[in-house]
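Below is one structure, written out as structure tokens; the observations come after it.
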Amino acid sequence: KENEIEKATKEQDVKYKVKESTELDATAAETGTDRSGVQAELDAVLEYLTKIEGDCIAKAETHEERKARFEAELAGCKEALRILEEETAASLIQRGVLRGVRRHA
């Protein structure tokens, strides 16, 4: 009789352990799926962060870039000065302000 009780107890233990194992397998599969979704979301966020960091974080300008920008600005100023000088000289000649200065034909 004692063996029968022990056998029944062990069968119930096995039954509950199998049920628990099945539930744990299902939970593990669900957790794995959740993790995949969260990982994809994290990857997208990190990619976006990298993009906006490139746009938002100031980068030091190299010497070559500063020099090129300065030279372009200087060339623009020289061109503007040349145009203003030509316009001023032409305007003064037209009005006859400059005595003895005539326009070239």
Worksheet entry | Test item: S21 side-chain N/O and K17 main-chain N/O as donor-acceptor pair under 3.5 Å | no
Worksheet item: To the nearest 0.5 Å, what is the distance between CG (D13) and CD (E20)?
Response: 11.0 Å
Item to complete: Calculate, to the nearest 0.5 Å, the distance between atoms OG1 and CD belonging to T9 and E4 respectively.
Response: 11.5 Å
Worksheet entry | Side chain proximity check, E23 to K19, heavy atoms < 4.5 angstrom | yes
Worksheet entry | CD (E41) with more than 12 external heavy atoms under 6.0 Å | no
Practice prompt. Output the distance between atom CZ (R66) and atom CD (E64), rounded to the nearest 0.5 Å.
Written response: 8.5 Å
Worksheet item: Rounded to the nearest 0.5 Å, what separation is found between the CG atom of D25 and the CD atom of E30?
Response: 13.0 Å
Worksheet item: Using a side-chain heavy atom cutoff under 4.5 Å and only I, L, V, M, F, W and Y, what cluster partners does L74 have?
Response: F70
Worksheet item: To the nearest 0.5 Å, what is the distance between NZ (K78) and CD1 (I83)?
Response: 14.5 Å
Worksheet item: CG/N3 to NZ/K10 distance, rounded to the nearest 0.5 angstrom?
Response: 10.0 Å
Worksheet item: Should we count CD of E47 as having more than 12 external heavy atoms under 6.0 Å?
Response: no
Item to complete: For residues E11 and K7, determine if any side-chain heavy atom of one lies less than 4.5 Å from a side-chain heavy atom of the other.
Response: yes
Worksheet item: If you draw a 6.0 Å radius around CD in Q12, do more than 12 non-hydrogen atoms from other residues or ligands fall strictly inside?
Response: yes
Worksheet item: Counting only heavy atoms not in R82, do more than 12 sit closer than 6.0 Å to its CZ atom?
Response: yes
